[in-house]
Enquirer: 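Starting off with a structure, shown below.
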Amino acid sequence: MTLPQDAAPPDRGRPEEIRAVPVRHPGRWVAVVVIAVLAAMLGHLMVTSSVLHWDVVGQIFTYPTVLAGVGRTLELTALAMVIGIVGGVLLAVMRLSKNPVLSGASWIYIWVFRGTPVLVQLFFWNFLGALVPKVGIGIPFGPTFASWNYNDLVGLFTAATLALGLNEAAYFAEIVRAGILSVDEGQAEAASSLGLTHAQTLWRIVLPQAMRVIIPPAGNETISMLKTTSLVSAIALEELTRAGQDIASRTFYEIPALVAISFWYLLMTSILSIGQYYVERYYSRGTNRVLPDTPWQKVRKNLLSFQRHEGAVG
Amino acid sequence: MSIEPMVRAEQVHKSYGQVEVLKGIDLEVQPGQVFCLVGPSGSGKSTFLRCINHLEKINAGRLYVDGELVGYQEKNGKLHELPDRVVAQKRRDIGMVFQRFNLFPHMTALENITEAPTQVKKVPKAQAREQAMELLTKVGLADKAGNYPSQLSGGQQQRVAIARALAMEPKLMLFDEPTSALDPELVGDVLDVMRGLAEDGMTMIVVTHEMGFAREVGDSLVFMDGGVVVESGHPREVLTNPQHERTQAFLSKVL
Ligand SMILES: Nc1ncnc2c1ncn2[C@@H]1O[C@H](COP(=O)(O)OP(=O)(O)OP(=O)(O)O)[C@@H](O)[C@H]1O
Ligand SMILES: [Mg+2]
C-alpha cells in the first residue's frame with residue numbers, strides 16, 4: 001500500500017512553544033507563614049535565653065575532652081559497623097544455606113542478639129570476666145597452651161565494640177538476607193550455567209545487586225549506631241556523650257554541654273547521610289538509565305525552577 | 001556409526017514433589033545438530049533443558065553429555081553425586097540462553113561477557129576483552145560494549161546473552177525460548193545470530209515456538225507433551241505431516 005502523494009501533512013511550521021500559567025499553591029504560602037512564625041519564636045528563645053550561653057557552647061564544642069570523645073565515638077561506630085557488616089553478611093549467608101546446622105545456628109544467634117536490649121549486652125560483655133575469668137588457647141576440655149585474664153584481654157573499649165558490633169550483626173543479617181532474596185533467581189541460574197561456583201555467584205553476581213536494597217537501611221543502621229554509642233557511657237567509657245556529661249557535672253553548664261554535643265552528633269550524621277547518598281548512587285548504576293542527580297544538582301534545579309515560576313507569574 | 005552423541009537421554013524422569021514433570025524421555029542429539037524441542041506450555045521442555053546442565057537433578061533414568069553422566073559418577077554400579085565444584089566445571093562446556101536474558105544488570109555488555117572467562121577460566125583481562133569484542137562484533141553489537149543491559153533493547157540483550165554463553169567456548173548450547181520475550185520485529189536479529197551459529201557447526205538444543213526457524217535450520221525435532229516425547233523426526237516431516245493427533249492439534253494452533 002502506498003500513500004497518495006497529497007496525503008503528506010501540509011507544512012505549517014513548528015507550533016508555538018507552550019507558555020502556560022502554572023497551577024497556584026495557596027497552601028504553600030500558608031505553610032511558609034506558619035513555619036516562619038514558629039522559627040522566629042524559636043530563634044528568639046535561643047538568643048534571649050539565659051541558660052543557653054552561646055559563647056560557652058562554642059568553648060565546649062572545641063574542648064579537648066569533647067574532641068577526644070568525638071574521636072572515640074567515631075572509632076566505636078566504625079569498628080562496630082565493620083563487625084556488624086562482616087558478621088551480618090556471614091549470618092545471612094549461613095541463614096540461606098542448605099546446611100541445616102549453619103542456618104539453625106544463624107537463626108539462634110539472631111534470636112538471642114535481637115531479643116535482648118543492647119544495653120544489657122553491653123553490661124554482659126563488660127562483666128563477662130566474672131563468668132570466664134581466663135581465656136586460653138588449647139584443646140577444648142584438654143590441656144591449655146596459653147591463657148590470659150579476661151579483663152586484661154577485653155578492656156572497656158573492646159567490650160563496648162564487641163557488644164555493639166555483635167548486636168548490629170544480628171540486625172544487619174536480616175538486611176542482607178532481604179537484599180539477597182530481592183535478587184532475581186535467574187541471576188544465580190545464569191551465573192551457575194556459566195560455570196561460576198556458589199561463592200563466585202554470591203560475591204560477584206548476587207551481593208553487588210543486593211547492595212541496592214541493602215544500602216539505604218545500612219545507612220540508617222550506621223547513623224543509628226553513631227547515636228547508640230552514647231550508651232557505652234553507661235560502662236564509664238569516655239566518648240562524646242560522657243565527655244559532655246563530665247563537663248556538665250563539673251561546671252553546671254548542662255544545657256550548653258547538651259547543645260554542643262548535639263551539634264557534634266548532627267554534624268556527624270549529616271556527613272554520613274551525604275556519604276550514603278553517593279554510595280547509593282554508585283550501586284544504582286545499570287538499574288537506572290540515567291544516574292540520579294547529586295544533592296547539589298538537585299538544589300540547582302530547584303532554584304532554577306523557582307526562578308522560572310517567578311518569571312511565569314510575574 | 002560409532003560417534004558419541006552429544007546428549008543421550010535414557011528414560012529420564014523428573015518430579016517436583018508428587019508431580020511428575022518428565023515421564024521417561026529418550027532422545028539423542030548428535031554433534032553439530034540443531035535439535036528443536038517443541039510442545040505446549042507445561043510439557044516439561046524447560047525442565048528437560050535444565051536437567052542437561054544439572055540445574056535440576058533427575059530422579060530416574062540416565063542422562064549423558066558427551067558420553068559423561070550428568071551430575072553423577074558411576075562406581076561399582078552405584079551412582080555417586082559429584083561435588084559442586086566438579087558440576088560447576090562441567091557447566092562451563094554447556095552454554096545456556098534464557099527466555100528472560102538474565103544478563104547481569106550491574107555490568108556492561110562487555111563485562112557480562114568477560115565475567116566467566118576471567119573468573120572461571122582465569123583468562124587474562126586484556127585477552128578476555130579482546131575476545132569479547134570479537135563476539136560482540138559477531139552478534140552485531142560492537143558499538144554497544146559499554147552499555148548496561150537496561151540501556152539495550154530486548155533483542156540486543158538476548159544477543160549479548162548469546163555472546164556471553166559463547167565466551168566460554170561451549171561444545172553445546174541450550175536455548176530456552178530465546179525469542180518469546182521479544183517484540184516481533186526484534187526476533188529476526190536473534191534468529192540470524194542463531195542461524196550463524198548453526199552454520200558454524202555448533203550443537204544446539206532449541207526450545208522454540210518459531211516453527212519457521214525449526215523448519216529451516218533444524219536437523220531434528222521432538223514434540224513433547226505431558227512429560228513424554230510424542231513424536232520426533234526431521235522438522236520438515238513432523239511439521240508438514242504430523243502423525244500423532246496431539247502434534248496435529250498443537251501445530252494447528254501455532255502455525
Ligand atoms: N520448581 C518447580 N516446582 C514445582 N513445579 C514445577 C517447577 N518448575 C516447573 N514446574 C512444573 O513443571 C511443569 C513443566 O514445566 P516447564 O517449565 O518445564 O514447562 P515448559 O514446557 O517449559 O512450558 P513453557 O512453554 O510454558 O515454558 C509445569 O507444570 C510446571 O508447573
Ligand atoms: Mg519453558
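Here is how names work: the chains are called A, B, and so on, in the same order as the sequence lines, proteins then strands, and each is numbered from 1.
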Enquirer: Measure the spacing between CD of B/Gln119 and CH2 of A/Trp203 and express it to the nearest 0.5 Å.
Expert: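 Here the rounded value is 13.5 Å.
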
Enquirer: Between B/Asn53, B/Val87, B/Leu103, which has the largest tally of heavy atom pairs under 4.5 Å with chain A?
Expert: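 The option with the most such pairs is B/Leu103.
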
Enquirer: Can you confirm whether B/Arg8 is buried at CZ, in the sense that more than 12 heavy atoms of other residues, nucleotides or ligands lie under 6.0 Å from that atom?
Expert: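 Enclosed.
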
Enquirer: Select one option (side chain, backbone, both, neither) describing which atoms of B/Leu55 are under 4.5 Å from chain A's heavy atoms.
Expert: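 Interface part for B/Leu55: side chain.
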
Enquirer: Is there a side-chain contact between A/Leu194 and B/Glu115 in this structure, where contact means two heavy atoms from C-beta onward sitting under 4.5 Å apart?
Expert: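 A side-chain contact is absent here, since even the closest heavy-atom pair is not under 4.5 Å.
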
Enquirer: Answer yes or no: are there more than 12 heavy-atom neighbours, outside B/Lys121 itself, under 6.0 Å from its atom NZ?
Expert: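 Atom NZ in B/Lys121 is packed in, count exceeds 12.
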
Enquirer: Is any residue of residues 172-192 of chain A within less than 4.5 Å of chain B by heavy atoms, and which ones?
Expert: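 Against chain B, the residues of residues 172-192 of chain A that fall inside the cut-off (heavy atoms, under 4.5 Å) are A/Asp184, A/Gly186, A/Gln187, A/Glu189, A/Ala190, A/Ala191, A/Ser192.
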
Enquirer: Let me know if B/Leu174 has heavy atoms under 4.5 Å from chain A in its side chain, its backbone, both or neither.
Expert: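 Contact with chain A involves no heavy atom of B/Leu174 at all.
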
Enquirer: Which one wins on heavy-atom pair count under 4.5 Å against chain A: B/Arg164, B/Met96, B/Arg85, B/Met107?
Expert: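 Looking at each of B/Arg164, B/Met96, B/Arg85, B/Met107 in turn, B/Arg164 comes out on top.
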
Enquirer: Given a strict heavy-atom distance threshold of 4.5 Å, which part of B/Arg50 is in contact with chain A: side chain, backbone, both, or neither?
Expert: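 Only the side chain of B/Arg50 comes within 4.5 Å of chain A.
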
Enquirer: Taking atom CD as the centre, does B/Glu130 end up with more than 12 heavy-atom neighbours from other residues, nucleotides or ligands that are less than 6.0 angstrom away?
Expert: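 Atom CD in B/Glu130 is not crowded, with 12 or fewer foreign heavy atoms closer than 6.0 Å.
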
Enquirer: Between atom OG of A/Ser193 and atom CE of B/Met168, what is the distance when rounded to the nearest 0.5 Å?
Expert: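 Output value for this atom pair is 9.5 Å.
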
Enquirer: Which bit of B/Phe98 comes within less than 4.5 Å of chain A, counting heavy atoms only: side chain, backbone, both or neither?
Expert: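 Looking at B/Phe98, just its side chain touches chain A.
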
Enquirer: Hey, is the main chain of B/Asp84 close enough, under 3.5 Å, to the side chain of A/His198 for a donor-acceptor pair?
Expert: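 Not a single qualifying donor-acceptor pair exists.
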
Enquirer: Tell me whether the count of non-hydrogen atoms from other residues, nucleotides or ligands lying under 6.0 Å of CZ in B/Arg100 goes above 12.
Expert: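 It does not: B/Arg100 CZ has 12 such atoms or fewer within range.
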
